[in-house]
**Student:** 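The structure follows.
All values below come from the heavy atoms of this structure, side chains included, with hydrogens, waters and symmetry mates left out. Numbers here are sequence positions counted from 1. All ligand and atom numbering here is 1-based and tracks the order in the structure.
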Amino acid sequence: MINLIPIPYKSESKKGFFLIDDGFKACSDFELPLLKLERADDGRLVIKKDSSFGNESYSLDVTEDCITIKAGDEAGAYYALQSLRQISRYELGKRKVPCCTINDRPNYKWRGMQLDESRHFFGKEEVKRYLDLMFMMKLNVFHWHLTDDQGWRVEIKKYPLLTEIGSVRSFTQINGWGSTDIIEGEYGGYYTQEDIKEIVEYASQRGIMIVPEIDFPAHCAAAIAAYPWLACRELNRPVPGYFGGIIPEKKLGIKDWNRTICAGKEQTMEFVFDVIDEICQLFPAPYFHIGGDEAPKDEWKKCPHCQKVISDNHLKDEEDLQGWFNNRILEHLKGKGKRLIGWNEILAAGNLDKTVIAQYWTPQRDKNAEKHVNTGGSIIMSNHKSFYFDMTYGLYPLKNTYNYSPVNFGVNEENVKNVLGVEGEVWTEWIDGREKLDLMIAPRMQALAEVAWSAPKNKSWKDFKARLDNFKVYYKLLDINYAVDAVSLPKNRIKRAKIQSKFMKGDTHLEVKLNRELKRKGEQ
Ligand code: ACM
Ligand code: ZN
């Protein structure tokens, strides 16, 4: 067993060790600024550029005399170094690298992690840490959820109120979907355009593309609080501090924490294009995520502007109005060489351009999403049961992530080629800081990496578990609050149901507390 997550495409352990001595130096065809090792022509870590390797692929050969890396691009060279990092355990004071050969390449092109910074804001240093963890796992897409109802988190120069007003709420709902409890007090934060450039550069050095998500037309309450004319009716409402839920809805008589902008006013369309133009200047990725999920249509049904567009363009209904709205954005993005991504609900429109990329998330199976991928459409798989990392382990234990296969979610074997890849989602309504964030993503990120990077034929739960046990020294070294086995793999169904039920009744931090307790008792 090679001591590495994600498991490489091919590997062979050999007899003997390479000894890292004080004079250990590198000789590299690539610049590799993150490799803090002295360079010398006779360095015993030899990194060669070899164009016979595909993007991100590499070989690593450790003999008693020399360590040789071959890669076609910088990302491949870095991934080889990440593999060497885990095999050598250099950071843990080890100096004997076991001899081996590895030949490695990615299974999917899109290996993503998302982070919702609207509901809770983590800030630059936490995001960099997240990117470092992704880099270690050979994950290469950071899907950055920067806007939602409860906070707008990116500076837009043309519309300064988006952050002046839209980034601050006056209170925050706590204790879960059924709760009317709140924490009073302003909660806010946002990234300046300079911050964004810094993070994009940081990610890029680590082979990570950042795909921004700016939600249109729904999940726009923060934007509407800043610019009320964006909505069908100009109501002056603050940025919501409630995330939602049926009980607060009934008790408080409020249900508009998910607000939708008007799809019928040309002024709204101009706003959308202006925002997209500024965002596209900041993010070089050839993709743009517009969200598009959970778009309530009730305001559109009553709005003369929306109804006029439906009538003028002979649209079937409000669903097709969203299709029409999305097609206009898609054309605008096409002019910038970018593809539109939206959550799978956008496929409900009958008139939507087929070149959209759908992200399949819904807990219920969606015929539209499955038809899309099985008729040549591109898709990113974030199926709830496996990749919603904000859910309790009681509901979705680690195995749900590890055992993932797109064919279990309606993708025909011959259409797996249309799957760009997989992505873990981290919605943060009930994730208020690092302790809980870490718990939800570790060790799920390791399981995701194995789905995303490793060849399906090489996957084995038993083998993964053993490698994960070895990996735990890194959680400790990097001070990551990982979920111990008893939390990430709750065996007993009744116990699991209880955890989930308590979560639903408002104990959003039950597993955090349980984990703390188990760690104190020394459980792994
Ligand atoms: C989603 O979780 N509403 C995309
Ligand atoms: Zn309208």
Side-chain angles (χ1 to χ4, degrees), residues 112-119 143-150 177 211-221 223-224 227-235 243-245 256-272 289-313 315 317-322 324-325 328 341-348 356-364 366 368-369 379-391 395-396 422-431 440:
M113 280 291 290
Q114 176 260 26
L115 183 65
D116 165 14
E117 286 222 80
S118 172
R119 276 57 176 264
H143 167 179
W144 205 0
H145 187 77
L146 284 165
T147 70
D148 212 303
D149 299 301
Q150 292 79 13
W177 298 106
V211 176
E213 182 186 347
I214 307 293
D215 279 25
F216 299 124
H219 293 291
C220 278
I224 293 170
Y227 297 101
W229 49 261
L230 287 169
C232 292
R233 287 182 298 151
E234 294 193 20
L235 300 177
F243 301 117
D256 68 341
W257 29 69
N258 173 7
R259 295 180 202 144
T260 310
I261 58 174
C262 179
K265 287 188 232 174
E266 207 45 37
Q267 194 187 9
T268 312
M269 229 48 239
E270 267 171 40
F271 168 87
V272 170
H289 204 309
I290 58 140
D293 58 318
E294 301 173 322
K297 307 286 186 313
D298 32 340
E299 288 291 322
W300 289 3
K301 283 184 181 150
K302 293 181 281 192
C303 170
H305 307 287
C306 288
Q307 291 306 314
K308 184 167 184 323
V309 168
I310 290 180
S311 153
D312 288 356
N313 294 279
L315 304 176
D317 54 14
E318 287 72 24
E319 210 58 74
D320 281 12
L321 177 58
Q322 191 175 347
W324 174 89
F325 172 88
R328 287 191 68 183
I341 306 173
W343 300 107
N344 58 291
E345 289 102 311
I346 67 167
L347 300 171
V356 298
I357 299 169
Q359 186 163 11
Y360 192 1
W361 77 274
T362 45
Q364 302 80 24
D366 176 11
N368 296 324
I379 205 157
I380 298 157
M381 302 300 268
S382 292
N383 302 90
H384 210 269
K385 288 182 176 62
S386 299
F387 298 130
Y388 262 51
F389 294 172
D390 52 321
M391 297 289 125
L395 184 66
Y396 297 153
V422 291
E423 187 183 289
E425 308 306 301
V426 184
W427 301 101
T428 60
E429 290 93 342
W430 320 115
I431 301 179
M440 303 324 280

**Student:** Give the minimum heavy-atom separation between C262 and K265, together with the two atoms involved.
**Tutor:** SG-N, 3.5 Å
**Student:** Run the salt-bridge test on E266 and R328 with the 4.0 Å N-O cut-off and return the result as yes or no.
**Tutor:**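 Answer for the salt bridge query: yes.
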**Student:** Looking only at side-chain N and O atoms, does W361 offer a donor or acceptor that is under 3.5 Å from a partner on E345?
**Tutor:** yes
**Student:** Is there a side-chain contact between M269 and F325 (heavy atoms, below 4.5 Å)?
**Tutor:** yes
**Student:** Kindly say whether the aromatic ring centers of W343 and H143 come within a distance under 6.0 Å.
**Tutor:** yes
**Student:** Whether the Q359 and E425 side chains hold a donor-acceptor pair (N or O, under 3.5 Å, no angle test) is what I'd like checked.
**Tutor:** yes
**Student:** So if I only count non-hydrogen atoms and take anything under 4.0 Å from ligand 1, which residues does that give, chain by chain?
**Tutor:** D293, E294, W343, W361, Y388, W427
**Student:** Mark yes when over 12 heavy atoms from residues, nucleotides or ligands other than K308 sit less than 6.0 Å from its NZ; otherwise mark no.
**Tutor:** no
**Student:** Taking side chain as C-beta onward, heavy atoms only, is I290 less than 4.5 Å from V272?
**Tutor:**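 The answer is no; the side chains never approach within 4.5 Å.
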**Student:** Using 2.8 Å as the cut-off, note every protein N, O or S atom close to the Zn ion (ligand 2).
**Tutor:** C232 SG, C262 SG, C303 SG, C306 SG
**Student:** Is the shortest side-chain heavy-atom distance between C306 and E318 below 4.5 Å?
**Tutor:** no
